[in-house]
Amino acid sequence: MTFQNSDFVTDGRSTKMTPGDSVRKKSPQDFVFGKAIGEGSFSTVYLAKDIHTNREYAIKVLEKRHILKENKMDYVMREKNVLQIISGSSNHFVHLHCTFQDNQRLYFVLTYAKNGELLTKINELKKFTIEMARYYAAEIVLALEVLHSKGVIHRDLKPENILFDENWHIVVTDFGSAKILKKDSDDNKEQEAISRRRKNSFVGTAQYVSPELLQDTEVCTASDLWALGCILYQMLSGEAPFKAGSEYLIFQKILKLDYEFPEGFNKTAKDLVEKLLVLVPNKRLGATDSTPYVSIRDHEFFLDLDFNDLGPPPKLM
Ligand code: ADE
């Protein structure tokens, strides 16, 4: 298998141009590569600086040999497609500036979110105040509304994949497990069912994976609403709701909805989490709304918050 240039060419024509971006195809020589800022099973993300503009980017680097050996080409192409689909639709997603390749590697030039991961911040503060959790849960809802309205399910939403930009707004990253929903023809449904059976559908991270992703049932946007419930729980308690010594035991707990709230957990937040962590996907709050997620926005936890203008983010300290 070879990488076609036409498969892996993105420049200013297909993604949003920022002033100073050049139309000429970029190459690794256009950047100074700095420290590694993220590590995945098939990629490393580096902080890099464009030598012409001095702008900083996060460049995701993938080894071609490794991707081909593990047969992950589909995932790489899907991530690129998703990034192109969502490009420019919201500031809450990393933006794909361009892609290029050399003989050994593929490169995705992405927004650098300089304030790091939500996970790091939760761990640093032990837990968030109710105001912080409310604000960032609302930003995640806004991001999911845009994503789902474009027919994309993230499928691996978790505090490591939610970053903060320079103004402390969230930026969702890592669309490597994302799924693009097709129009609902019977043919597509059949194909999806076959491919799920073949691939043993688990994608994502044990602690945030929804029961339907574990059980080979239909994937749907509500899988990301499950993850939202897990993330809200974690912001307020410091830990993910489903914890155990192994992935297998975590899966057992998820399938039994076996989790507890720590003492003192905010009452309205508890109600919202309980309405998101529901085993049947279309019974989750928001699941039967079309976007925007009115029933989530209208939940008492978000009382007094204006989703059209969240205002400045709360100080994280
Ligand atoms: N780690 C992984 N991706 C990143 C990004 N786009 N910005 C900052 N840190 C990251």
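Remember, it's 1-based here, ligands and their atoms both numbered in the order they're listed.
Atoms of ligand 1 lying under 4.0 Å from any heavy atom of Tyr112, numbered from 1 in the order shown and given with element: 7 (N), 8 (C).
Of the protein's non-hydrogen atoms, the one nearest atom 6 (N) of ligand 1 is Thr111 O, 2.8 Å. Looking at atom 4 (C) of ligand 1, its nearest protein heavy atom turns out to be Leu163 CD1, 3.5 Å. Taking atom 3 (N) of ligand 1 as the reference point, the nearest protein heavy-atom neighbour is Val45 CG1, 3.7 Å.
In this structure, the side chain of Arg134 does not engage the main chain of Phe302 through any donor-acceptor pair within 3.5 Å.
Under 3.5 Å, the side chains of Thr173 and Asn161 contain no donor-acceptor pair of N or O atoms.
No side-chain heavy atom of Val109 sits under 4.5 Å from any side-chain heavy atom of Lys26. Residues Arg55 and Lys49 are not in side-chain contact: their nearest non-hydrogen atoms beyond the backbone lie 4.5 Å or more apart.
Under a cutoff of 6.0 Å and an axis angle of 45°, Lys72 and Tyr75 form a cation-pi pair.
When non-hydrogen atoms are compared, ligand 1 lies under 4.0 Å from the backbone of Ile37 as well as from its side chain. Under 4.0 angstrom from ligand 1, the non-hydrogen atoms of Ala113 come from both its backbone and its side chain.
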